[in-house]
Amino acid sequence: MTPAQIRDYLKYYRDLGIETVYRAAPPPVLPTPVLPQIVPQGDTLTKIREDIGDCKRCRLCEGRNKIVFGAGNETSPLVFVGEGPGADEDEQGLPFVGRAGQLLTQMIENTAAKEGIPLKRSDVYICNVVKCRPPENRTPQPDEMEICGQFLFRQLMTIKPKAICVLGATAMKALLNTKEGITKSRGQWHKWRDVPVMITYHPSYLLRQYNAQAKREAWEDLKTLLHFVYD
Ligand code: URA
């Protein structure tokens, strides 16, 4: 790689909000159009999972049982992004399988059914910003999000969904450059690169705060999202 190509490569990741690139640059292929060289070539979810390996890139590896990569339909037009695994997810290696996950399943399937959209949870893809459970379910720290974020970005670039649903403030911070809080940003369309992003409350928040208003709003957000993706 020439210095100019290295500069482009680093700029590409910096624009995504990643300050440190942990992965070796892909080998140059000649002739070399700039973009294909910057984006990891021929990326697949399997390759991304292999690159994560038995990850020790940040402190979250110390307490985890299983890495929770993501699950669902790998060609889905819709991807949900949560914060990070909880205890049940850490035990099973699958995202959103605990109480919050059950609520997420209901939110997806009940909203779809009510709107006449034939959609099951298994039809969408679900993943998280960080792939290892933070101790005591604390919020992931900025360096953990940055290190793991590159894998999330690669997942999204590989799946290329028609829309992304961001669940809660952590995923919002990871994908969007908004300073507004979740209450203000939810229900509105944003963009991650060229992909439309709908922001809504995290299901854990809806479980914690018994708040009929927030639940109604989350259902409204999903309705807007599902019609956009599936109509
Ligand atoms: N909360 C998340 O953000 N992700 C999960 O996978 C489970 C709970």
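When a ligand or atom number is given, it counts from 1 through the structure's own listing order. Everything quoted here is computed from the prediction, not taken from an experiment.
Looking only at distances, a side-chain donor or acceptor of D90 sits under 3.5 Å from a matching main-chain atom of N65.
Per-residue contacts place G82 under 4.0 angstrom from the following atoms of ligand 1 (heavy atoms of the residue considered): 3 (O). The distance from ligand 1 to the heavy atoms of H202 drops below 4.0 Å at these ligand atoms: 1 (N), 2 (C), 3 (O). Under a 4.0 Å criterion applied to the non-hydrogen atoms of P95, ligand 1 contributes the atoms 6 (O).
In terms of polar-atom proximity, N128 is counted as a contact of ligand 1, with an N or O under 3.5 Å from an N or O of the ligand. Considering backbone and side-chain N/O of F96, one or more are found under 3.5 Å from N/O of ligand 1.
For E109 and R121, the salt-bridge test fails: no basic side-chain N is under 4.0 Å from an acidic carboxylate O. A salt bridge between E220 and K223 is present, with a side-chain N of the basic residue lying under 4.0 Å from a carboxylate O of the acidic one. Taking 4.0 Å as the cut-off between side-chain N and carboxylate O, R64 and D54 count as a salt-bridged pair.
The distance from the CG atom of D51 to the CG atom of D43 is 7.0 Å, given to the nearest 0.5 Å.
Distances shorter than 4.0 angstrom occur between a heavy atom of G84 and an atom of ligand 1.
In E83, the parts holding a heavy atom less than 4.0 Å from any atom of ligand 1 are both the side chain and the backbone.
Within the set E89, R133, Q92, R99, the minimum heavy-atom distance to atom 7 (C) of ligand 1 is found for E89.
No side-chain donor-acceptor contact under 3.5 Å links Q102 and Q106.
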